[in-house]
Amino acid sequence: MNNSPGIFITLEGVEGAGKSTHMTYIAGQLKKTGREIVVTREPGGTPLGEQVRHILLMQKSMAIDGMAELLLVLAARAQHIQEIITPALRQGKIVLCDRFTDSSYAYQGGGRAIPAETIAQLSRVAGTDIKPDLTLLFDVPVVTGLQRACRDREADRFEQESFDFFQAVRGTYLKIAASDPGRVKVINTDMEIGAVHSRIREILQESNLC
């Protein structure tokens, strides 16, 4: 077993910001550390989480209350932490996760107007209030992101939300980054891919991760 402490890295951003696009590149860079990389996502990552993901994203005609949405996310996250994230970190692996708790503050907090204090309290009760070591926040103007996200497929349940919803989500993300600059690194993805990769490498090198 690897005796080094595990490293927890999360990717965040609005729809179309580039998280999924750059995930493979980031994992490849992290492999230079010689550690095993666990790539996962939220909601998802476990059988339970994937069922929750289907409900939240694909049930476009289903009306889901904001608090119910948050509780579903937290239930999936609690299972994800216990089944995937904590065991991997204990084994000294690098966990690379597409979305985590910051998404709850951005989407259910900023977008659904649930108070941050409520999200924090419920996260503590659910045991999901662990903090990543590093968060890469992929940032792009909302209009650009939505155009990218819906370019080649039908919009999912979240992507059908209003422009104002996503403006609130993006604004909350940027406030989180401003309040925690040591952990959250903003990456402007409204530029060509080579420049984005250069910024990613720079951040990982600063963190001694490639």
Side-chain angles (χ1 to χ4, degrees), residues 1-2 4-15 17-24 26-27 30-31 33 35-59 62 64-112 114 116 118-138 149 156-159 169 172-173 176-177 180 183-185 209:
M1 179 182 294
N2 191 331
S4 300
I7 300 172
F8 186 24
I9 301 172
T10 56
L11 310 185
E12 297 285 357
V14 297
E15 272 66 16
K19 296 181 292 75
S20 301
T21 300
H22 299 295
M23 175 77 85
T24 301
I26 295 167
L30 292 172
K31 286 180 181 178
T33 64
R35 297 200 193 193
E36 184 174 344
I37 313 299
V38 175
V39 177
T40 188
R41 68 179 182 177
E42 289 204 352
T46 68
L48 173 64
E50 292 298 329
Q51 290 295 317
V52 171
R53 183 182 186 88
H54 180 77
I55 292 171
L56 293 178
L57 271 66
M58 305 314 297
Q59 299 300 319
M62 182 185 294
I64 303 177
D65 175 76
M67 181 58 71
E69 182 179 273
L70 173 62
L71 292 171
L72 283 168
V73 169
L74 291 175
R77 183 168 298 140
Q79 185 72 20
H80 194 201
I81 289 171
Q82 292 300 315
E83 188 174 332
I84 304 294
I85 296 174
T86 297
L89 294 176
R90 285 176 177 167
Q91 294 167 16
K93 300 175 183 178
I94 296 178
V95 177
L96 182 61
C97 187
D98 184 342
R99 297 201 183 283
F100 196 62
T101 301
D102 291 318
S103 283
S104 295
Y105 286 100
Y107 282 79
Q108 285 77 50
R112 306 289 187 217
I114 296 176
T118 301
I119 298 173
Q121 182 178 17
L122 289 172
S123 295
R124 286 193 295 271
V125 171
T128 61
D129 57 340
I130 66 174
K131 183 171 285 191
D133 299 294
L134 174 66
T135 296
L136 304 180
L137 173 56
F138 293 92
D156 65 31
R157 179 174 160 273
F158 277 101
E159 291 163 350
V169 170
T172 303
Y173 269 134
I176 292 171
D180 196 357
R183 173 179 67 90
V184 185
K185 307 299 181 182
L209 289 171

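Just so you know, these numbers come straight off a predicted model, no measurement behind them.
For the pair Glu69 and Leu56, the tightest heavy-atom approach, listed with the atom from each and the gap, is CG-CD2, 3.8 Å. Pairing each heavy atom of Glu15 with each of Glu159, the nearest pair is CG-CG, 3.4 Å. Residue Ala78 comes nearest to Ala126 through the heavy atom pair CB-O, 3.8 Å, listed as atom of the first residue, atom of the second, then distance. Summarising the geometry of Val169 relative to Ala106, their closest heavy-atom pair is CG2-O, 3.5 Å, with the distance given to 0.1 Å. When every heavy atom of Ala76 is checked against every heavy atom of Gly49, the shortest pair comes out as CB-CA, 3.9 Å. Between Ala27 and Ile37, the shortest heavy-atom distance links the atoms O-CG1, 4.3 Å.
Leu48 has its side chain out of reach of His80: every pair of non-hydrogen atoms, C-beta onward, lies at least 4.5 Å apart. Side-chain contact between Arg183 and Ile176 is present, with heavy atoms from C-beta onward closer than 4.5 Å. For the pair Lys93/Arg35, no side-chain contact is recorded, criterion being any heavy-atom separation below 4.5 Å from C-beta on.
A salt bridge does not link Asp129 with Arg124: every distance from a Lys NZ or Arg NE/NH1/NH2 to an Asp or Glu carboxylate oxygen is 4.0 Å or more. By the 4.0 Å N-to-carboxylate-O rule, Asp65 lies too far from Arg112 to be salt-bridged with it. Under 4.0 Å is where a charged nitrogen must lie from a carboxylate oxygen, and between Arg41 and Glu50 at least one such pair does.
Thr172 and Tyr107 are not linked by any side-chain donor-acceptor pair at a separation below 3.5 angstrom, with hydrogens and angles left out of the test. With 3.5 Å as the limit, one finds no donor-acceptor pair spanning the side chains of Ser103 and Glu42.
The aromatic rings of Phe8 and Phe100 lie perpendicular to each other, with more than 60° between the two planes, well past the 30° mark.
Taking NZ of Lys131 as the start and OG1 of Thr10 as the end, the distance is 11.0 Å to the nearest 0.5 Å. Between the CG atom in Leu11 and the CG atom in Leu136 there is a gap of 5.5 Å [rounded to 0.5 Å]. To the nearest 0.5 Å, atoms CD (Glu12) and CG (Asp102) are separated by 4.5 Å. Interatomic distance, Gln51 CD to Leu72 CG, rounded to the nearest 0.5 Å: 12.0 Å. Atoms CD and CD1, from Gln108 and Ile114 in turn, are 6.0 Å apart once rounded to the nearest 0.5 Å. Of the inter-residue distances, the one linking Ile84 atom CD1 with Gln79 atom CD reads 9.0 Å to the nearest 0.5 angstrom.
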Evaluate the side chain to side chain contact (heavy atoms under 4.5 Å, CB included) criterion for residues Arg157 and Ile64: first the C-alpha distance (whole Å), next the side-chain angles of each, then the deciding distance (0.1 Å), finally the verdict.
CA-CA 10 Å; Arg157 179 174 160 273; Ile64 303 177; 3.4 Å; yes

Give the intermediate values and the outcome of side chain to side chain contact (heavy atoms under 4.5 Å, CB included) for residues Met23 and Val39.
CA-CA 8 Å; Met23 175 77 85; Val39 177; 3.9 Å; yes

Pair Lys185-Asp180, salt bridge (charged side-chain N to carboxylate O under 4.0 Å, His left out): steps then yes or no
CA-CA 9 Å; Lys185 307 299 181 182; Asp180 196 357; over 6 Å; no

Starting from the C-alpha separation in whole Å, work towards a yes-or-no answer on side chain to side chain contact (heavy atoms under 4.5 Å, CB included) for Ile7 and Ile9.
CA-CA 6 Å; Ile7 300 172; Ile9 301 172; 3.9 Å; yes

Decide yes or no on side chain to side chain contact (heavy atoms under 4.5 Å, CB included) for Leu134 and Leu209, but give the supporting numbers first.
CA-CA 11 Å; Leu134 174 66; Leu209 289 171; 4.0 Å; yes

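Applying the 6.0 Å contact sphere to CD of Gln121 captures no more than 12 heavy atoms from other residues, nucleotides or ligands.
Side-chain atoms of Thr40 never come within 3.5 Å of backbone atoms of Cys97 as a donor-acceptor pair (strictly under, hydrogens ignored). Proximity of a side-chain donor or acceptor of Arg77 to a complementary backbone N or O of Ser123 within less than 3.5 Å is not detected. Thr86 contributes no side-chain N or O that, together with a main-chain N or O of Gln82, makes up a donor-acceptor pair within less than 3.5 Å.
When each of Thr128, Val73, Leu122 is paired with Ser104, the side chain to side chain contact (heavy atoms under 4.5 Å, CB included) condition holds for Val73 and for no other.
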